[in-house]
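Each chain gets a letter, A, B and so on, in the order the sequences are listed, and its residues count up from 1.
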Amino acid sequence: MGLIDANLVPAVDGVAFGLLLFVAAAGLTLAFGTGDVLNLAHGTLYTVGGYTAAALCDGTWRGLLLALVAGTAAAAAGGALLAALTAPLRRRGHLAQALLTFGVALVGGDLLSSAAGPGDLPVAFPAALNASVLLAGHRYPVHRLALIVVAAALAGAGQLVLTRTRAGALVRATVDDPQMVSCLGTDPRRVHAAVLVAGGALAGLAGVLGAPVIGPGPQSADTVLLLSLVVVVLGGLGSVGGALLAAVAVGEVQTLGVVLAPDLAPYLLFAAMAGALVLRGRRSGTSWRRA
Amino acid sequence: MRGEARTKLLGALALTALALFVVPAVLDDGTLAMLAPAAALGLPAVGVSVLTGRAGLPTLGQGAPFAVGAYATALLARAGLTVGPLQLLAAALAGALFALLTGPVVVRARGATALMITLALGELVATAAGRWTSVTGGTDGLAGIPAVRLWWGGAPLTDDTALYRYLVVVTALALGATVLVLGSPLGLLLAGSRDHEERMRAAGHRVGAALLAACTGAGALAGLGGALLVTEQSYVSPADVGFGTSSLVLLAAVLGGIGSPLGALAGAVLVVVVRDQLAARWPGHGPLLLGALFVAAVYLLPDGVAGVRLRRPGGGR
């Protein structure tokens, strides 16, 4: 009981961190699944949300709401831009597209940090969210609990859209078999573009929500990109349910793991990622090799 | 065929002589020192051009063998071993050994999976470099590394021009060795397994072993690059060997027309000039310029810098 009690706070932190990562990474895994393209600008879309939050949040609920709407819209526009930029490169193979997203990430990150300054920016959330409550005898910030609730709701809503709507069925079908989707009269490229936009919106939303956890700063795009890649890989490329489990596991490693095994935790994520990739073997086929 | 080989050899010698004698005469010492990082970045980029361009395995983890070579060199130099050729041999062996040990994991994968496995390996090594404080000095890195000597009892190379010439000679020799290997049956086997893997397997070729050899060679090149990094800046820290380095190296290889070793080197020079020279005139915007270079390269130069000149007939990619 003592062990559980002592580690309760990091464990709950891990859930909050993991759910945040899931919202951030869901778009990446679907974009990978539908287009087989690694979007290396995904972390930048998250920071678009973060910087929007830093600019618009002034400690009022109205400011937070405004930041949520504006951050989501801006990152969705970023996703649309990426879709438009990568579309002409489709014939050139996947390496060209991944490289393009990396270039866009460098340019976008530089523009954001030169507009906002080089340091990490503070984000002023409403006072009610910055307060703390008692959680089984520990003081715990309200913001993280709210993050857990909102992110879990988003995950649930996303799952519903994906499994119960026609659009969701189309996305799942494109992950499974793009040729068949094409035969049925829908261009898989349009599905992929829509997924990039929606995934960008989710990343931007996560950027606003998670600003107190991974705040806007010059390093955050890389942090989010690398953690999201770990989530996407561990969760099984293109699988949303797997990504949810993987995201919570990654969150726990990043919080509880650091407390319980401080020497091992930093290696654990990428070792697990490499291990998962090896065990799963050759999954994405020979698509990068030119014929 | 022999005539063509002779022309290439003469061209390579002329280019090396140009870099050795004409460039230092034209440029001042400060500019030469600015060019020096291109050698450290260029050799791993040559490795990427072999691995990604010739063998078809995309990699975002050449920072790993680069780190192994750099730290091996730094530790040797701090232990008093400052003889250049020995440092280079040790760094190349360390990089190759790392690649040989991790290679079996990489060569089983293809495409984006390979990209992500190499990325994970690179991050693991960068994490180790930052946390294994007793050996690597942690995030502070290893400083105060003594200057390299050409031979036992030689004077330390501290002069900018002498250091530049040392980097040019090492780079030229490594590049020459790479081109020789690519021209051998192994190079053809790599190109064949990139384009028609199943056919090569069916014909009885050991594709996996060939890819592992390419991986090891690229690791040796990256290790050499790490040694040159330490020689050139007398300092190494985890910031030199992370994701950023791996992606710059890939950018250099892509700019050079993925698959052309000389082009990869030219790409590294371009990257270093953009990062250090242009960014110095417009402070703080190195990433913007590099990103724009990346985007422009992807759109405008599908074959890279090397693709602008006429490709020799039947040239490998």
Side-chain angles (χ1 to χ4, degrees), chain A residues 32 36-38 40-41 85-86 88-89 92-111 113-114 118 218 222 225-226 229-230 232-233 237 262-263 265-278 280-291, chain B residues 52-53 55-58 60-61 102 104-106 108-128 130-132 193-198 242-244 247 250-251 254-255 258-259 284-299 302 317:
Chain A
F32 189 83
D36 205 16
V37 172
L38 202 53
L40 294 172
L85 286 175
T86 47
L89 298 174
R92 295 258 310 279
H94 302 267
L95 185 58
Q97 294 182 53
L99 288 172
L100 182 88
T101 61
F102 188 70
V104 172
L106 283 174
V107 172
D110 191 282
L111 290 177
S113 64
S114 55
D222 274 358
L225 174 65
L226 290 174
L229 279 178
V230 176
V232 167
V233 168
L237 306 164
D263 291 330
Y267 301 97
L268 196 54
L269 289 184
F270 290 103
M273 173 174 166
L277 285 166
V278 172
R280 216 168 282 134
R282 302 178 171 199
R283 207 183 124 130
S284 74
T286 57
S287 50
W288 288 48
R289 313 190 115 208
R290 295 178 198 222
Chain B
T52 305
L57 272 182
L60 251 178
T102 56
V105 171
V106 178
R108 284 187 46 193
R110 297 291 179 271
T113 313
L115 200 69
M116 284 189 281
I117 289 184
T118 52
L119 186 142
L121 286 172
E123 285 304 302
L124 276 176
V125 171
T127 310
R131 298 194 59 95
W132 195 6
S193 53
R194 172 196 63 204
D195 294 338
H196 299 286
E197 182 173 344
E198 298 310 323
F243 178 60
S247 51
L250 180 60
L251 167 63
V254 168
L255 280 177
I258 199 90
H285 289 283
L288 179 65
L289 293 169
L290 282 177
L293 194 63
F294 236 121
V295 172
V298 171
Y299 279 121
R317 298 173 116 282

**Study point:** Contact leader toward chain B among A/V230, A/D222, A/V107, where contacts are heavy-atom pairs under 4.5 Å
**Key:** A/V107
Review point. Looking at A/G103, A/G108, A/G109, A/A272, which has the largest count of heavy-atom pairs under 4.5 Å with chain B?
Key: A/G103
Closest approach of [X] and [Y], non-hydrogen atoms and distance?
X: B/M116; Y: A/M273; result: O-CE, 3.4 Å
X: B/V298; Y: A/L100; result: CG2-N, 4.0 Å
X: B/Y299; Y: A/L85; result: OH-O, 2.5 Å

**Study point:** CZ on B/F243 to CG on A/L40, rounded to 0.5 Å
**Key:** 6.0 Å
Revision key, fill the gap. The reported gap from CG in B/L293 to CG in A/L106 (rounded to nearest 0.5 angstrom) is 10.0 Å
Heavy-atom distances under 4.5 Å only: say whether [X] touches chain A with side chain, backbone, both or neither.
X: B/A296; value: neither
X: B/L250; value: side chain
X: B/T52; value: side chain

Check your understanding: Can you tell if the side chain of B/L251 reaches within under 4.5 Å of the side chain of A/L99, non-hydrogen atoms only?
Key -> no
Point to revise | Leading residue by heavy atom contact count with chain A [cutoff under 4.5 Å; candidates B/G244, B/A128, B/G122] | key: B/A128
Exercise for review: Give the C-alpha distance, both sets of side-chain angles, the deciding distance and a yes or no for side chain to side chain contact (heavy atoms under 4.5 Å, CB included) between B/L290 and A/D110.
Suggested key: CA-CA 10 Å; B/L290 282 177; A/D110 191 282; over 6 Å; no
